[in-house]
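Below is one structure, written out as structure tokens, with a few remarks after it.
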Amino acid sequence: MTATDSSPAPNFIRNIIAEDLKANKNEGRVHTRFPPEPNGYLHIGHAKSICLNFGLAQEFGGVCNLRFDDTDPSKEEVKYVESIKEDVRWLGFDWQDREFYASDYFEQLHEYAVQLIKDGKAYVCDLSANEIREYRGTLTEPGKNSPYRDRSVEENLNLFERMRAGEFKDGSRVLRAKIDMASPNLNMRDPVIYRILHAEHHRTGNTWCIYPMYDFTHGQSDSIEGITHSICTLEFEDHRPLYDWFLDALKIFHPQQIEFARLNLSYTVMSKRMLLQLIEEGYIPGWDDPRMPTISGLRRRGYTPESIRNFCERIGVAKRDSMVDIALLEHSVREDLNKRAPRVMAVLRPIRLVIDNYPENKMEELEAVNNPEDPGMGTRKIPFSRVLYIEQDDFREVPPKKFFRLAPGREVRLRYAYFIKCVGVVRDEQTGEVVELHCTYDPKTRGGDAPDGRKVRATLHWVSAAHSLKAEVRLYDHLFLKANPTDEKDGADFKTYLNPDSLETLTSCRVEPTLKDAAPGSRYQFERLGYFCVDTVDSSNEKLVFNRTVTLRDTWAKIQKVEKEAMEVHKGVIKG
RNA sequence: UGGGGUGUCGUCAAGUGGUAAGACACGGGCCUUUGGAGCCCGUAUUCGGAGGUUCGAAUCCUCCCACCCCAGCCA
């Protein structure tokens with residue numbers, strides 16, 4: 001397991017475990033488990049659970065199992081187990097040899113069921129699904145006993161064996177726990193514990209045609225594995241009495257179930273169902289699309305495992321429903337990448353800039369710092385010549401106030417190069433738009449400082465036209481326009497709030513030549529722009545493709561945004 | 001109108017009877033060859049509300065209010 005990245009803040013689960021340890025409960029053991037169902041890809045919400053379970057075990061000298069909760073063969077697939085293992089490993093956690101499957105326990109679980117029947121605590125019920133629902137009652141009315149509730153132990157044993165033997169059709173019978181049809185907790189109204197499903201299981205094949213339900217599987221699996229603290233999300237709080245009931249009825253080791261609030265993140269959705277829907281309906285190409293809140297999406301986007309772990313530590317663990325600001329996630333990557341990403345110059349929307357007084361065929365190599373946060377990362381040489389590209393945004397013919405980049409007559413610095421002054425522009429004859437800038441440079445400012453001590457307000461990034469490499473850059477933004485897209489109080493479907501500009505692909509970008517052999521997945525800071533990584537799927541030596549992980553904090557953009565909004569309010573524009 | 005939960009700054013979140021941590025966001029300043037980073041400062045007289053107990057309450061008691069979850073042979 002990887003070391004935690006920051007000192008742990010107190011939370012109620014940590015407190016419970018600390019107290020259990022103090023009381024020498026479970027002989028001082030701490031054993032947790034992460035129990036995904038292999039029916040989809042892991043997302044950042046699962047990361048919270050992974051960090052919690054593996055983190056707590058590590059912190060208290062215990063261990064954490066990886067256990068696949070694979071009791072519904074109709075939805076589960078091996079490709080999901082593979083992706084889940086890859087993601088947990090990538091996040092930095094190691095389950096060593098403790099890779100388990102609920103399906104490993106099918107035989108034992110079946111024996112437990114038989115034991116319940118023998119104890120008169122379970123029965124085979126022939127009611128249809130609809131009838132079971134009707135008999136269950138409602139939130140305010142008690143249910144009614146099934147007419148099959150009082151079958152003899154012998155008959156139940158016989159019927160249950162024949163269910164297992166495949167004598168009956170799907171849905172024709174179930175095994176139920178005999179608890180209390182009048183319980184105010186619906187989960188206790190004789191819950192189904194085994195159903196008939198003639199389906200092939202990804203691990204057990206056709207060995208079984210009856211499969212245990214979650215409630216009958218989870219606690220017993222925890223018990224078999226000797227789990228001490230079974231941490232799950234809030235919606236299982238109502239199931240805890242049932243979790244306890246089975247363990248008590250079976251008289252086996254009794255782990256403690258503890259519930260916490262699942263993660264909600266602003267401007268995205270966190271439900272496997274909705275994520276799958278975005279893919280199936282073609283809004284997003286796949287689970288690993290960099291806009292997805294999935295672990296694989298974040299990985300492809302350029303997030304580091306460290307940043308995700310730090311994020312999970314920072315958000316805390318509690319029982320109240322909450323919505324974490326995605327800005328905190330973004331802060332976490334910036335913080336990590338600031339320290340480790342090499343800096344590089346890239347021009348996303350190039351405009352040609354000619355330095356009139358610079359010799360035609362001259363090229364000089366200028367020294368640039370790889371990471372000002374870490375001198376150990378050294379320096380590199382970057383080519384400079386007469387014709388450059390700079391960012392279109394870095395020039396304004398009529399500079400607004402507070403804009404202190406390049407403008408006619410104004411002097412700025414080219415990073416690690418020279419001071420330049422804009423002396424003219426070239427326009428497109430048709431459109432009148434500025435297509436080329438002409439500047440002069442001051443040879444005495446080589447490296448970026450003026451010997452006479454004069455200052456300049458702005459430093460621009462640039463690239464030598466002849467030496468730069470072409471690249472495609474994908475600019476990603478929030479998936480949704482609304483902080484909580486699933487808030488359907490106004491009646492709209494969550495997809496209504498999809499951000500049409502969540503992806504902008506720029507195909508005529510120019511990057512400095514040192515990026516020539518950039519490895520897929522490697523991360524850089526494009527100076528003044530943000531953090532980018534080489535796409536692991538589409539980038540190649542012939543065609544470099546970068547994904548924007550996150551922008552740098554941008555106070556200029558903030559000023560523009562505030563002024564734009566003020567303008568809209570002034571004009572009386574109604575904001576949506 | 002059954003049961004289970006939860007309400008502390010814009011967003012997370014500590015706090016468990018002794019006088020409201022921290023983070024993000026936000027605002028201001030310093031510094032700066034990234035309008036980045038870093039540094040400094042500011043930001044809840046108040047803890048869903050109302051009563052009560054107490055020398056003292058976010059913490060204890062009472063009532064009320066709001067929100068979330070549960071009627072799959074899903075997990």
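FYI, side chains are in, hydrogens and waters are out, and symmetry mates aren't considered; it's all heavy atoms of this structure. Every chain is numbered from 1 and lettered A, B, ... according to where its sequence line falls, protein lines coming before strand lines.
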| Can Arg33(A) and His218(A) be counted as having a side-chain donor-acceptor contact under 3.5 angstrom? | yes

| message | What is the separation between atom CE on Met188(A) and atom P on G3(B), rounded to the nearest whole Å? | response | 16 Å

| Would His478(A) and Glu330(A) count as having a side-chain donor-acceptor pair, cut-off 3.5 Å? | yes

| query | Between C69(B), G36(B), A23(B), which one does the side chain of Leu328(A) approach most closely? | reply | A23(B)

| message | Once you apply a heavy-atom cut-off of 4.0 Å, does Phe403(A) come out as touching a base, just sugar-phosphate, or nothing? | response | base

| With a 4.0 Å cut-off on heavy atoms, is Val369(A) in touch with a base, just the backbone sugar-phosphate, or nothing at all? | nothing

| Donor-acceptor pair (no angle test) under 3.5 Å: Arg457(A) side chain, G35(B) base | no

| query | Using purine N1 to pyrimidine N3 plus N6-O4 or O6-N4 for Watson-Crick, or N1-O2 and O6-N3 for G-U wobble, each under 3.5 Å, what pairs with A75(B)? | reply | none

| message | Taking 4.0 Å as the cut-off, does a side-chain nitrogen or oxygen of Asn15(A) come that near to OP1 or OP2 on G15(B)? | response | yes

| Residue Pro184(A), side-chain atoms from C-beta onward, closest of A14(B), C26(B), G2(B) | G2(B)

| field | Backbone of Arg189(A) reached by a side-chain donor or acceptor of Arg136(A) within 3.5 Å | value | no

| So, Tyr214(A) and A75(B): ring centres less than 5.5 Å apart, planes less than 30° off, yes or no? | no

| query | Is any NZ, NE, NH1 or NH2 atom of the basic residue among Glu225(A) and Arg67(A) found under 4.0 Å from an Asp or Glu carboxylate oxygen of the other? | reply | yes

| Using a cut-off of 4.0 Å on non-hydrogen atoms, how would the nucleic acid contact of Thr138(A) be classed: base, sugar-phosphate, or nothing? | base

| request: Both distances under 3.5 Å, Watson-Crick or G-U wobble: report the partner of G38(B), or none. | output: C30(B)

| query | How would you label the contact of Asp238(A) with the nucleic acid (heavy atoms, under 4.0 Å): base, sugar-phosphate, or nothing? | reply | base

| Of the listed nucleotides C70(B), A25(B), C73(B), the one nearest the side chain of Leu139(A) | C70(B)

| field | Atom P, compared across U43(B) and G22(B): separation rounded to whole Å | value | 11 Å

| Anti or syn - G42(B), cut at 90° from 0 | anti

| N/O donor-acceptor pair, side chain Glu259(A) with base G4(B), under 3.5 angstrom | no

| task | Please confirm whether the backbone N or O of Arg203(A) pairs with a side-chain atom of Ser103(A), one donor and one acceptor, at under 3.5 Å? | result | no

| request: Assess the side chains of Asp190(A) and Tyr135(A): does a donor N or O sit below 3.5 Å from an acceptor N or O? | output: no

| field | Whole-Å distance separating the CD atom of Glu512(A) from the C1' atom of U34(B) | value | 13 Å

| said: Assess, by modelled atom type and distance only, whether the side chains of Thr459(A) and Arg413(A) contain a donor and an acceptor separated by less than 3.5 Å. | reply: yes

| task | Return the value, rounded to whole Å, for the distance between atom CD1 of Ile315(A) and atom P of U11(B). | result | 16 Å

| What nucleic acid atoms does Lys558(A) come within less than 4.0 Å of, heavy atoms only: base, sugar-phosphate, or nothing? | sugar-phosphate

| query | With both distances under 3.5 Å as the test, what is the Watson-Crick or G-U wobble partner of G10(B)? | reply | C24(B)

| task | Report the residue (Asn187(A) or Pro212(A)) whose heavy-atom-nearest nucleotide on RNA chain B is the more 5′ of the two. | result | Asn187(A)

| Given A71(B), G36(B), A23(B), the nucleotide with the shortest approach to the side chain of Arg133(A) | A71(B)

| remark: Rounded to whole Å, the CE-P distance (Met163(A) to C73(B)) equals 13 Å

| field | Nearest to side-chain heavy atoms of Arg320(A), which nucleotide of A13(B), A75(B), G36(B) | value | A13(B)

| request: Under 4.0 Å between any heavy atoms, over every strand shown, what does Phe236(A) touch: base, sugar-phosphate, or nothing? Just pick one. | output: base

| message | Side chain of Lys319(A) only, heavy atoms from C-beta on: which candidate in A71(B), C26(B), U6(B) is closest? | response | U6(B)

| Taking the side chain of Pro372(A) as heavy atoms from C-beta outward, which of G36(B), G35(B), C12(B) is closest to it? | G36(B)

| said: Measure CG/Asn370(A) against C1'/A37(B) and give the value in whole Å, please. | reply: 16 Å

| Check: Asp554(A) side chain, G35(B) base, donor-acceptor under 3.5 Å | no

| Is there a Watson-Crick or G-U wobble partner for A57(B) with both distances under 3.5 Å, and which nucleotide is it? | none

| query | Paired with U19(B) by Watson-Crick or G-U wobble geometry, both distances under 3.5 Å: which nucleotide is it? | reply | none

| said: By nearest atom, which of the nucleotides G15(B), C73(B), A37(B) is closest to the Val174(A) side chain? | reply: C73(B)

| field | Pair Leu414(A)-Ile390(A), side-chain contact (heavy atoms from CB on, under 4.5 Å): steps then yes or no | value | CA-CA 9 Å; Leu414(A) 290 180; Ile390(A) 66 161; 4.3 Å; yes

| query | Does A44(B) have a Watson-Crick or wobble mate here (both distances under 3.5 Å), and if so which one? | reply | none

| message | Please determine whether a side-chain nitrogen or oxygen atom of His331(A) lies at a distance below 4.0 Å from atom OP1 or OP2 of C24(B). | response | yes

| task | Report the residue (Glu141(A) or Val324(A)) whose heavy-atom-nearest nucleotide on RNA chain B is the more 5′ of the two. | result | Glu141(A)

| request: Classify the nucleic acid contact of Tyr194(A) as base, sugar-phosphate or nothing, counting any heavy atom under 4.0 Å across all strands shown. | output: nothing

| task | Run the salt-bridge test on Asp393(A) and Arg528(A) with the 4.0 Å N-O cut-off and return the result as yes or no. | result | no

| field | Donor-acceptor under 3.5 Å (Asp126(A) side chain, Arg173(A) main chain) | value | no

| request: Would you mind classifying the nucleic acid contact of Asn11(A) as base, sugar-phosphate or nothing, using non-hydrogen atoms under 4.0 angstrom? | output: sugar-phosphate

| note | From CZ of Arg415(A) across to P of A37(B) the rounded distance in Å is 13 Å

| field | Interatomic distance where CG belongs to Leu552(A) and P belongs to G35(B) [whole Å] | value | 9 Å

| request: Give a yes/no on whether any side-chain N or O of Thr71(A) is located under 4.0 angstrom from OP1 or OP2 of A75(B). | output: yes

| said: At 4.0 Å (heavy atoms only), tell me whether Glu527(A) reaches a base, stays on the sugar-phosphate, or touches nothing. | reply: base

| request: State whether Arg136(A) places a side-chain N or O below 4.0 Å from either non-bridging phosphate oxygen (OP1 or OP2) of G72(B). | output: yes

| said: At 4.0 Å (heavy atoms only), tell me whether His218(A) reaches a base, stays on the sugar-phosphate, or touches nothing. | reply: nothing

| said: Checking base pairs now: Watson-Crick or wobble, both atom distances under 3.5 Å. What partners G2(B)? | reply: C70(B)

| Using purine N1 to pyrimidine N3 plus N6-O4 or O6-N4 for Watson-Crick, or N1-O2 and O6-N3 for G-U wobble, both under 3.5 Å, which nucleotide pairs with U62(B)? | A50(B)

| message | What contact category does Ala318(A) fall into here, base, sugar-phosphate, or nothing, at under 4.0 angstrom with non-hydrogen atoms? | response | sugar-phosphate

| request: Would you kindly give the CD1-to-C1' distance between Ile132(A) and G72(B), to the nearest whole Å? | output: 11 Å

| request: Ignoring backbone atoms, establish whether Thr555(A) has a side-chain N or O less than 4.0 Å from OP1 or OP2 of G36(B). | output: yes

| query | Which nucleotide in the list G36(B), C69(B), A71(B) gets nearest to the side chain of Arg553(A)? | reply | G36(B)

| Base, sugar-phosphate, or nothing: which does Arg189(A) touch, judged by heavy atoms less than 4.0 Å apart? | nothing

| message | From C-beta outward on Pro10(A), which listed nucleotide comes closest to its side chain: G15(B), G35(B), G36(B)? | response | G15(B)

| task | Please work out if Arg343(A) contacts a base, only the sugar-phosphate, or nothing of the nucleic acid, heavy-atom cut-off 4.0 Å. | result | base

